[in-house]
> 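Just passing along the structure, written as structure tokens.
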2 protein chains.
Amino acid sequence: MNTVFKALNDPTRRKILELLQERDMTAGEIVEHFNISGPSISHHLDLLKQANLVFSEKDGQYVYYSLNITVVDEIVKWFMQFKLKKK
Amino acid sequence: MNTVFKALNDPTRRKILELLQERDMTAGEIVEHFNISGPSISHHLDLLKQANLVFSEKDGQYVYYSLNITVVDEIVKWFMQFKLKKK
DNA sequence: ATAGTATTTAGATATTTGTCTAAATATTTA
DNA sequence: TAAATATTTAGACAAATATCTAAATACTAT
């Protein structure tokens, strides 16, 4: 849970999630959407992976990134405790 | 949204939210739940307030803190985009 | 008014974080 | 095999963050 909130605490990483929500992309394609160096984006992708928010799959010289929605369930569940218990 | 994710990116602050979900508390009561100095907790409460995650109300020499759930709606909505659009 | 309690503000410090460039690794193509 | 392309790793650095102690502010009670 720590890694998830950490991963979400950056506008660039949240934007990456929104991009991947449209379609899967290679690291390079993701880089093109930002004015940030490749290595920096690579680092962001690593943090998203550590948080289990994205998958990565190598295909030749490319690496495809895609969303992993299963963790979103956990987060929403965490927030729901605040909605529910307040009467 | 930035301030919200920032506020959530700390275990102490998330614990404070969970405490307040049980009942409203004074700053001092909150401090008792942690091995962290009063000023540090005060700073955490300030960040939670900036994110509109908590209210504070002064009553005599005490300051009562309570949850503000309205922001939770926005966050859940943000996460829902990932649940919905993936077909 | 003085002393005591509750909380916040100020300032300092060590750690974490986001970014960069340069270099390394992996793959494709000429 | 050599050159080109895609991506990650390594190392450096400035900015942000969590924490502390000391001091300031605000209120209560003797």
> Using whole Å, report how far OH of A:Tyr62 lies from C1' of D:dT8.
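Going from A:Tyr62 (OH) to D:dT8 (C1'), I get 16 Å.
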
> Which whole-number value in Å describes the distance from A:Gln50 CD to C:dT16 C1'?
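Rounded to the whole Å, the gap is 14 Å.
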
> May I ask you to evaluate whether A:Thr26 reaches the phosphate of D:dT7, defined as a side-chain N or O under 4.0 Å from OP1 or OP2?
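Checking A:Thr26 against D:dT7: at least one side-chain N or O falls below 4.0 Å of OP1 or OP2.
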
> Check this for me: does the side-chain of A:Gln61 come within 3.5 Å of the base of C:dT28 through a donor and an acceptor?
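Side chain to base: no pair present.
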
> Indicate yes or no for a side-chain donor-acceptor contact from A:Asn68 to the backbone of A:Asn52 under 3.5 Å, with no hydrogens or angles considered.
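Such a contact is found between A:Asn68 side chain and A:Asn52 backbone.
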
> Quick one, give me the B/S/- string for nucleotides 16-25 of chain D, reading 5' to 3', where B means a protein heavy atom under 4.0 Å from the base and S means that only happens at the primed atoms, P, OP1 or OP2.
-SSBBBB---

> Please report the distance, rounded to the nearest Å, between CZ in A:Phe34 and C1' in C:dG18.
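Going from CZ in A:Phe34 over to C1' in C:dG18 covers 14 Å.
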
> Please name the pair of heavy atoms, one in B:Leu53 and one in B:Ala7, separated by the smallest distance, quoted to 0.1 Å.
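What the structure gives for the nearest pair is CD1-CB, 3.9 Å.
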
> Can a donor-acceptor pair be found, under 3.5 Å and without considering hydrogens, that links the side chain of B:His43 to the backbone of B:Pro39?
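No: the side chain of B:His43 does not pair with the backbone of B:Pro39.
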
> Rounded to the nearest Å, what distance is computed from the CG atom of residue A:Leu48 to the C1' atom of nucleotide C:dG18?
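About 14 Å, once rounded to whole Å.
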
> Across the strands shown, which category fits A:Tyr65 at heavy-atom distances under 4.0 angstrom: base, sugar-phosphate, nothing?
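Result for A:Tyr65 = sugar-phosphate.
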
> In plain terms, say whether A:Glu18 and A:Arg13 are close enough for a salt bridge, that is, a side-chain N and a carboxylate O under 4.0 Å apart.
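Salt bridge between A:Glu18 and A:Arg13, a charged N being under 4.0 Å from a carboxylate O: no.
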
> Provide, to the nearest angstrom, the distance between the CD1 atom belonging to A:Ile41 and the P atom belonging to D:dA6.
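From A:Ile41 CD1 to D:dA6 P: 16 Å.
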
> Hey, is the main chain of A:Val71 close enough, under 3.5 Å, to the side chain of A:Glu74 for a donor-acceptor pair?
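Not confirmed, A:Glu74 side chain does not pair with A:Val71 backbone.
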
> Atom NZ of B:Lys58 to atom P of C:dT5: distance rounded to whole Å?
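The distance from NZ of B:Lys58 to P of C:dT5 comes to 17 Å, rounded to the nearest Å.
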
> In this structure, is the centre-to-centre distance between the rings of B:Phe79 and A:Trp78 below 6.0 Å?
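They do not qualify: ring centres at least 6.0 Å apart.
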
> Whole-Å distance between C:dT5 P and B:Glu29 CD?
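To the nearest whole Å, that distance equals 17 Å.
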
> Are any of the side-chain heavy atoms of A:Arg14 and B:Asn2 separated by less than 4.5 Å?
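Of all side-chain heavy-atom pairs linking B:Asn2 with A:Arg14, at least one is under 4.5 Å.
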
> To the nearest Å, how far apart are A:Leu8 CG and C:dG18 C1'?
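After rounding, the gap between these two atoms is 16 Å.
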
